[in-house]
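Single-structure report; data block below.
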Amino acid sequence: MQVNEIPNRVFYKNGEEFLYFGGTNYLGVTTLPEFQNMLLASLQKWGTSYGSSRSANIQLDVYKTAEELLAKQIGTEAAVSISSGMLAGKLALEQLQHTTDLVFHFPNTHPALLHPFSLPLIQNGKLNPFLLDPTVSRIGIVADAIPSLEVTPIDLSILQDIPSDKEITLLLDESHSIGILGDHGQGVLSQYELPNVHHKIIIASLGKAIGLSGGIIAGDSQFIAEIKKQQNFVGASGMNPAFLETFVSAQTLYHLQRQQLKDNLNYVAKHLIHNSAFTFTKDYPAIYFDHEELLQLLLGNNIIPTSFPYPTASGKLSRIVISAHHTKTDLDKMVQQLNTFTQMNTGFEGDIRFVL
């Protein structure tokens, strides 16, 4: 479906209204007037772009301010902003390969963290034998914080089975957790207690919950310092400074929107009839399903979820994304169709547990 306006919670096509439950605008800030006003003020201060290298003789102080704030929130020694989340992943992976003997990846890792020479961490349900090779002492491991088609943080406990004499660097993609998970939107890195992991690095796109085009790498000061020496970092323009200024200015707004998102998720959890065909938890703003019948039911009622072939999925990905900007009426209409689907397919006799 081609549209000529940004899909907010609703959009219009040929005069017909559609409810939008797709995308990754989890906090609903991209079309929020208060957020847009902050961005406009930042654009007036910093201009629409700044094409100079981050290593040039003129340094913009907004980079230092925003990156120190990001490091503090995430809980790492340092952070650096990049023009995109995809580039952040490529730069971090390049540095990881310089400092490790072999790099391994968890199943279904995002393409941004995959390299042609990366090896699968798990083979036949067990650790890759190369992890036990005595000639391999420095190990890099990459993973998505929230794996594709999942709604809970990845289980990293298998890393504890790696021999303690290995030096492990973990690279975690937090694109779908930064801004929404953690008490302050810091993501999930801090929740892991992995005594045998020596270095913890994250990359993330800020274009999702944070609502600003750009990416970040956060971790050890030495790792971040080496990133800044890479040719692809020195030779590239930095993240738009106006976007970073907006990030700093919008902290209170992010907090309010995060609380609204939690309220919306609790509301859905309260009224949605449990069905094993849905993958959902009240702590994460997505509902996954793979039933074409349900997809058509939603589309037939002008409810538009995300649906497209995904690189790490076996087929078409269907995902209902719940945002802070959805109203209770929006949520009721969406939940009604899910509950209708459940009733049609299970013979559930109870009442729909919400009032339109």
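Count residues from 1 along the sequence. The shown structure was predicted, so the numbers you read here are calculated from the model rather than taken from an experiment. Every heavy atom of this structure was used, including side-chain atoms; hydrogens, water molecules and symmetry mates were not.
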Could you tell me which non-hydrogen atom of Gln260 sits nearest to which non-hydrogen atom of Ala324, and how far apart they are?
CG-O, 3.2 Å

Would a line drawn from the ring center of Phe289 to the ring center of His291 be shorter than 6.0 Å?
no

Between Gln230 and Leu91, is there a donor-acceptor pair closer than 3.5 Å when you use the side chain of the first and the backbone of the second?
yes

Do Lys333 and Glu17 sit within salt-bridge range, that is, some charged N less than 4.0 Å from a carboxylate O?
no

Give me the atom names and distance for the closest heavy-atom approach of Ala56 to Ser52.
CB-OG, 3.3 Å

Here the gap from Leu189 atom CG to Leu170 atom CG, rounded to the nearest 0.5 Å, amounts to 7.0 Å

Any side-chain heavy-atom pair of Val103 and Phe117 under 4.5 Å
no

Could you tell me whether His198 atom NE2 has more than 12 heavy atoms of other residues or ligands within 6.0 Å of it?
yes

Are any of the side-chain heavy atoms of Leu27 and Arg258 separated by less than 4.5 Å?
yes

CD1/Ile201 to OG1/Thr76 distance, rounded to the nearest 0.5 angstrom?
8.0 Å

Would you indicate whether Lys72, at its atom NZ, is surrounded by more than 12 heavy atoms from other residues, nucleotides or ligands within a distance under 6.0 Å?
no

Looking only at heavy atoms, what is the nearest atom pair of Gly179 and Ile210, with distance?
CA-CD1, 4.1 Å

For the CD atom on Gln59, are there more than 12 heavy atoms of other groups (residues, nucleotides or ligands in this structure) within a distance under 6.0 Å?
yes

Nearest 0.5 Å, please: how far is CG in Leu119 from CD1 in Ile141?
11.5 Å

Quick one, Ile216 and Ile74 - any side-chain contact, counting heavy atoms below 4.5 Å?
yes

With a 4.5 Å limit on heavy-atom distance, are the side chains of Ile168 and Phe104 in contact?
no

Any Leu298 side-chain heavy atom under 4.5 Å of Ile320 side chain
yes

Sequence neighbours excluded, the answer for side-chain hydrogen bond (donor to acceptor under 3.5 Å, both in side chains) partners of Glu167 is His199

Pair His326 and Phe21, ring centroids less than 6.0 Å apart:
yes

Report the residues that fulfil salt bridge (Lys or Arg N to Asp or Glu O under 4.0 Å) with Lys64, sequence neighbours left out, ordered by chain and then residue number.
Glu68

OH (Tyr63) with more than 12 external heavy atoms under 6.0 Å:
yes

For Leu338 and Phe278, work out which heavy atoms get closest and say how close.
O-CZ, 3.7 Å

Look at the rings of Phe18 and Phe11 and say which category their plane angle falls in: under 30° parallel, 30 to 60° tilted, over 60° perpendicular.
parallel

Which atom of Ile82 lies closest to which atom of Met239, heavy atoms considered
O-CB, 3.6 Å

Before accepting this row, confirm whether a basic side-chain N of the pair Glu226/Lys229 lies closer than 4.0 Å to the acidic partner's carboxylate O.
yes

Leu149 CG to Ser318 OG distance, which is reported to the nearest 0.5 Å
10.0 Å

Where Ala88 and Ile203 come nearest, the two heavy atoms and their spacing
O-CG2, 3.8 Å

Indicate whether any N or O donor in one side chain lies under 3.5 Å from an N or O acceptor in the other, for Asp332 and Gln336.
no

Is the side chain of Ser177 donor-acceptor paired with the backbone N or O of Gly187 at a distance under 3.5 Å, no angle test?
no

Under 3.5 Å, side chain of Asp330 to main-chain N/O of Val10, donor-acceptor pair present?
no

When rounded to the nearest 0.5 angstrom, what distance separates CG in Leu40 from CZ in Phe35?
11.0 Å

Does CD in Gln296 sit with more than 12 non-hydrogen atoms of other residues, nucleotides or ligands closer than 6.0 Å?
yes

